[in-house]
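Quick caveat, the model's predicted, so the values are computed rather than measured.
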Amino acid sequence: MHPHRRRLPPTTLRTLTIDSAAAMVPESVVLIRRFLLFVAVCLSCLLLYNDSNALRFLPRFSSSPSVLFSANNSPLVSGQHRLQKVLKDAAMEDGTVILTTLNEAWAAPNSIIDLFLESFKIGVGTQRLLNHLVIIALDQKAFHRCLELHTHCFALITQGVDFRREAYFMTPHYLKMMWARIDFLRSVLEMGYNFVFTDADVMWFRDPFPQFYMDADFQIACDHFLGSSDDLENKPNGGFNYVKSNNRSIEFYKFWYSSRETYPGFHDQDVLNIIKFHPSTFTIGLRMKFLDTAYFGGFCEPSKDLNQVCTMHANCCYGLDSKLHDLRIMVQNWKQFMSLRPNLKRYLILPWGVPQNCSLDSLRRYDAPESNNPHDLQD
């Protein structure tokens, strides 16, 4: 016998069912909406994180956004990963890379880049360093030439700026190129890489690393060296420097780059000569050293002993023709020295045959017109 169950009238049951549904629907809708909102927020955060992470290491050139190209010449969504790969492949065990920049003017056959690479091959202990050299091409033709000559190439193209042409000293075009270089080097430091930056008109005749100071964050070659590596009155040249990646060097490069606005129209090297005395540099705590021209010479102040010279820079020189003329003589001088018997090398003091066409008096400053000829580049 079934227990007695009270049966509600049909109308009452229907009323309860409808009322219950009415009470439940708003709650389920709220839950669904909350879930969808949560998913949307998560996706947005993920996208923002990826975008910011990808853009973090793109050079922040002030003139216009940069477009970086990979080895297959396709535009990159993220410059970080491709540049990181090139740097990683070229880096020494301690994370040091050797960097140079190249444009169409210096990339022409039988021009600066050929002499630059040749110097590594004929230098003492320098050929192995080519494994750690990254050539940063500033235009498409320079990039293609790099791929013909070298393993580690990276194309850095700045939209709205044509770096193929001759860049006369101290013209707006030249200044853009120099400041773009400073900002790019800052980004390399932020990636955690130490670097030796070298202009392509610096000939590498001997491994320079034994002559670097172990306790310096930033060390730089000089146009004129006054005898002490700590003397701030030394005249540095930005065409050759060795920088270790740390908070001090990164902050200094940021300060250096931002100082272009404080001193508009100034060369990065001239600004360095100012800010090396600035209180902010001392606050940053940067350990700065200046490299002796006995080891790191140039046309301004040539190294005197070929048994000691590490690098020679075609500084204090105007025009590609003059630069090439004297660089070829310099390379030939080195070959003649290397052909000597060891005892003659030790005791003979052989002078350089340069500078000849290059000199400080040949420099044209400030009022030099820009040329449309892409076959010259002033350093």
Side-chain angles (χ1 to χ4, degrees), residues 59 61 63 66-69 73 99-120 133-150 153-185 197-204 237-240 267-269 298-299 312-331 354-355 357-358 362-379:
F61 298 145
S63 56
S66 297
V67 177
L68 296 100
F69 291 83
N73 235 17
L99 302 174
T100 193
T101 52
L102 182 68
N103 75 345
E104 178 183 336
W106 284 16
N110 301 312
S111 190
I112 298 292
I113 188 61
D114 298 275
L115 290 170
F116 177 68
L117 295 176
E118 182 183 3
S119 74
F120 279 85
L133 170 67
V134 178
I135 298 176
I136 308 298
L138 301 178
D139 58 70
Q140 294 280 1
K141 287 189 177 181
F143 182 56
H144 289 307
R145 184 80 207 288
C146 178
L147 293 176
E148 295 174 3
L149 298 173
H150 191 58
C153 303
F154 188 78
L156 178 65
I157 313 298
T158 306
Q159 293 179 349
V161 182
D162 182 3
F163 284 151
R164 297 173 301 164
R165 299 173 295 147
E166 177 183 13
Y168 285 100
F169 188 61
M170 292 306 297
T171 59
H173 182 62
Y174 177 82
L175 293 175
K176 282 181 181 179
M177 185 181 294
M178 295 302 101
W179 285 114
R181 183 173 79 184
I182 295 299
D183 198 32
F184 176 75
L185 293 175
F197 177 81
T198 171
D199 278 343
D201 63 344
V202 174
M203 301 295 103
W204 287 54
N237 186 300
F240 187 90
H267 186 298
D268 63 303
Q269 191 169 296
F299 291 159
M312 277 282 285
H313 189 185
N315 51 8
C316 295
C317 190
Y318 169 78
L320 183 61
D321 290 340
S322 295
K323 194 179 288 282
L324 279 172
H325 177 272
D326 282 15
L327 279 173
R328 286 170 181 148
I329 294 173
M330 184 197 295
V331 170
V354 289
N357 291 2
C358 294
S362 70
L363 290 178
R364 293 162 59 189
R365 288 178 174 266
Y366 305 102
D367 57 349
E370 291 197 67
S371 168
N372 293 322
N373 181 2
H375 301 296
D376 290 316
L377 177 65
Q378 167 61 33
D379 173 47

Could you state the interatomic distance from CG (Asp139) to CG (Leu156), rounded to the nearest 0.5 Å? 11.0 Å
Which pair of heavy atoms, one from Ala142 and one from Ala137, lies closest together, and at what distance? C-CB, 3.8 Å
If you round to the nearest 0.5 Å, how far is CD of Glu148 from SG of Cys153? 10.0 Å
Residues in side-chain contact (heavy atoms from CB on, under 4.5 Å) with Ala200, at least two apart? Thr100, Trp106, Ile112, Phe116
List the steps, then state whether side-chain contact (heavy atoms from CB on, under 4.5 Å) holds for Trp204 with Phe240. CA-CA 11 Å; Trp204 287 54; Phe240 187 90; 3.6 Å; yes
Could you go step by step and tell me if Ile329 and His325 meet the side-chain contact (heavy atoms from CB on, under 4.5 Å) rule? CA-CA 7 Å; Ile329 294 173; His325 177 272; 3.4 Å; yes
Spacing of Asp114 atom CG and Arg328 atom CZ [to the nearest 0.5 Å]: 9.0 Å
Exam field: side chain Lys323 to backbone Ala314, donor-acceptor pair closer than 3.5 Å: yes
Of all heavy-atom pairs linking Arg181 and Gly238, the shortest is NH2-O, 3.5 Å
Would the SG atoms of Cys358 and Cys316 measure under 2.5 Å apart? no
Given 3.5 Å as the limit, does a donor-acceptor pair link the side chain of Arg145 with the main chain of Ala108, or not? yes
Only one of Ile135, Ile136, Val134 passes side-chain contact (heavy atoms from CB on, under 4.5 Å) with Thr101; say which it is. Ile136
Taking all non-hydrogen atoms of both residues into account, name the closest pair between Pro355 and Phe299 and its distance. CG-O, 3.9 Å
So CG of Leu117 and OG of Ser119: to nearest 0.5 Å the spacing works out to 7.5 Å
side-chain hydrogen bond (donor to acceptor under 3.5 Å, both in side chains) filter on Asp326, not counting sequence neighbours, yields none
Using the side-chain contact (heavy atoms from CB on, under 4.5 Å) criterion, which residues pair with Glu118? Sequence neighbours excluded. Leu115, Ile122, Val331, Lys335
Identified side-chain contact (heavy atoms from CB on, under 4.5 Å) partner of Asp201 from the options Leu327, Asn315, Leu324: Leu327
So CG of Leu138 and CG of Leu102: to nearest 0.5 Å the spacing works out to 7.5 Å
